[in-house]
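Quick note: numbers below take in every heavy atom, side chains included, and nothing from hydrogens, waters or symmetry partners.
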Amino acid sequence: MSRILAPSFAGFRTAWIRPDVVAGLTVWAVLVPESLAYATIAGVPPVVGLYAAVPALVCYALIGSSKHLVVAPMSATAALSAGVIATVAPSADVGTYVALSTALALATGLVALAAGALRLGFLASFISEPVLKGFIIGLALTIMIGQLPNLFGVEKGSGNFFEKAWDLVQHLGQTEPLAITVGGLSLAALLVVRRFLPLVPGSLVVALVSIGAVVLLDLDDRGLEIVGNIDSGLPDLGLPGVGGSEFVALLGASVGVMLVGFAEGLGAAKTYAARSGYDIDANRELMGLGAANIGAGLTSGMVVNGSLSKTAVNGSAGARSQLSTVVAAALTLVTILFLTGLFEKLPEATLGAIVIAAVIELVDLPSLRRLWRVQTGRLATLYPVTARSDFVGALAALLGVLVFETLPGLAIGIAVSLVLLIARTSRPHTARLVPVGTVGQRVWVDSARHSEEEMPPQVLVVRVEAPLVYANADYVRSAIREMAASVPDLRLVVMDGATTPSVDVTAAGMLDQLSVDLQRMGADLVLAGNIGQVRDVLAEAGETDGIRIFSSIERALASLEQGSPGTGRPAALRTGKSDDGFLRTHPND
């Protein structure tokens, strides 16, 4: 039963207690200040982040499949939450805003639970890695520009990234020296600690030092903005006070929030599972994410998801099971009950620095440069659609977030990615092959890579590097006909099926049409090396009875020397087996 309810505790040993407790203490030291900071991103009081963390950690530990994943408030989903609530209720007061944020966590949890129950873990694959990367970079930049006013001590602007940036530039003359000093020093200290002392909980250390400076030097009396009152004690439990129509509106938006949170958390979970030698169940992860968000929603919390940074802290501190996150949850509960007053003197500038330091590492420009190199390098000449699609998808998501904000940006990125996927499928790379090596030991390669090699006379060998389906059938037919027209005295066209794993009925009909086209040009079409699914569909479709299938390109070419190809389309055919066991068709005796 324990394995069913809590796979993250499978094989638990008493020897793991000590490292798990140490890891839990370390996670707590990072979790508390970051949860306070992420709540401000979501536009709710800082303590809401702590309210969400406790049930999220416990609920995921009981259901999730990862032994290391830390589920808590995160920057990406916090920003998404703010964007969703601003869309649903742009003029909501503070109480309504908090209630809607809590309801969004509940809606996200219900959607994730339903997706897990329906075994829809594959949904994460609809957000390609480049699109997710572009989205996260755009989101990180948006979060950073939203926190910079705290560092400069000026009023925050509104609108998209560019509007906020322009507003900040216009107000630089009103910069508060005390705020920029405290914020700048806090940010510098966080980055230095992360670079040279990665095991030290920099967020907690910097937060405590800045709180001490405020208390000792009365910096709040000198004009430095601080967090202020943080309610202590247990949160209100139960359903949030929102209407049915508002909750339905949140359900639609929660799908996007769930997808982003699931993709980020699943990536973190798989990373540490691979290092420790156990498996991750994507559908179980959906269930864990759903339970965590429902727990947060029922305790006046906010949206949560798996955190790569805090999971890294957990793993590097020696965690062996989810006991570490249960310890972190218990310590966070103690903080809510007794230690919230400690953080009331936390400067807003330091809180902004903690957020910026947390998300600055998400601005992964090297990944964009790598995608750009693929687009502009040699691959772009060989495979123009494939090479460009990843960078274009990432750029679309990034600019979508910067211009249209969070959810629209994600939708734009996914839409562009799907369009490019369709384009890639409908225009597959169709290569003209040439032989390399001596007869009997030849390897057939793309002529674009080996332009110095020559093709045997009267022969065309082609390879379609994709499944043959209705979406690309006409393109492939046209591409092969165009290649065939360039070969003098063509007698034989060989399609190498090594990279064509499947074919549908439409494509089978296309091959029959292509065979007729080539017969009119005086050549035969034969297939070589096709796998079982292709042969089975061609046999059942019954439209390619005039096309023979050989086990290899060399055997197909041998038929040319025997004089069988190029002699015209047989009038009557029957299906049989070739000597090498491959399905083929041949004239009746």
Exercise. Go through the steps for Leu250 and Ile85 under the test side chain to side chain contact (heavy atoms under 4.5 Å, CB included), then give the verdict.
Key: CA-CA 8 Å; Leu250 292 173; Ile85 306 306; 3.9 Å; yes

Between atom [atom1] of [X] and atom [atom2] of [Y], what is the distance when rounded to the nearest 0.5 Å?
| X | Y | atom1 | atom2 | value |
| --- | --- | --- | --- | --- |
| Asp489 | Met521 | CG | CE | 11.0 Å |
| Ile143 | Tyr38 | CD1 | OH | 8.0 Å |
| His68 | Asn314 | NE2 | CG | 7.0 Å |
| His429 | Thr499 | NE2 | OG1 | 9.0 Å |
| Cys59 | Leu289 | SG | CG | 11.5 Å |
| Gln513 | Leu525 | CD | CG | 12.5 Å |

Quiz item: Should the pair Lys67 and Tyr272 be classed as cation-pi, given the thresholds of under 6.0 Å to the six-membered ring centre and 45° from the axis?
Solution: no

Minimum heavy-atom distance between [X] and [Y], given as atom pair plus value:
| X | Y | value |
| --- | --- | --- |
| Met258 | Ala115 | CE-CB, 4.3 Å |
| Pro73 | Ala52 | CG-CB, 4.1 Å |
| Met287 | Ala117 | SD-N, 3.6 Å |
| Gly265 | Leu69 | O-CD1, 3.7 Å |
| Ile145 | Phe161 | CG2-CD1, 3.6 Å |
| Val111 | Ser254 | CG2-OG, 3.3 Å |

Could you check whether any side-chain heavy atom of [X] comes within less than 4.5 Å of a side-chain heavy atom of [Y], counting everything from C-beta outward?
| X | Y | answer |
| --- | --- | --- |
| Leu368 | Ile137 | yes |
| Asp496 | Val462 | no |
| Leu511 | Met495 | yes |
| Pro428 | Glu465 | no |
| Trp444 | Val436 | no |
| Asp364 | Lys133 | yes |
| Phe404 | Ile412 | yes |
| Leu286 | Phe262 | yes |

Exercise. Take Val363 and Met144 through the test side chain to side chain contact (heavy atoms under 4.5 Å, CB included) and record every step on the way to the result.
Key: CA-CA 10 Å; Val363 185; Met144 290 168 64; 4.0 Å; yes

Quiz prompt | Residues Ser65, Glu285; criterion side-chain hydrogen bond (donor to acceptor under 3.5 Å, both in side chains); working and verdict | solution = CA-CA 6 Å; Ser65 62; Glu285 288 303 292; 2.7 Å; yes

Determine whether a donor-acceptor pair (N or O, by modelled atom type, separation under 3.5 Å) exists between the side chain of [X] and the backbone of [Y].
| X | Y | answer |
| --- | --- | --- |
| Asn472 | Val469 | yes |
| Tyr60 | Ser66 | yes |
| Ser478 | Tyr475 | no |
| Thr500 | Gly497 | no |
| Ser101 | Met302 | no |
| Glu482 | Ala479 | no |
| Asp524 | Gln519 | no |
| Asp504 | Tyr470 | yes |
| Ser447 | Arg432 | yes |

Practice problem: Begin from the C-alpha positions of Arg491 and Val459 and carry the test side chain to side chain contact (heavy atoms under 4.5 Å, CB included) through to its verdict. | Solution: CA-CA 6 Å; Arg491 293 182 58 200; Val459 170; over 6 Å; no

Practice problem: Using the side-chain contact (heavy atoms from CB on, under 4.5 Å) rule, pick out the option among Leu113, Val257, Leu80 that qualifies with Thr108. | Solution: Val257

Quiz item: Is the closest side-chain donor-acceptor distance between Thr77 and Asn305 under 3.5 Å?
Solution: yes

Exercise. Would you sort out whether Val392 and Val416 count as a side chain to side chain contact (heavy atoms under 4.5 Å, CB included), showing the intermediate values?
Key: CA-CA 8 Å; Val392 170; Val416 170; 4.0 Å; yes

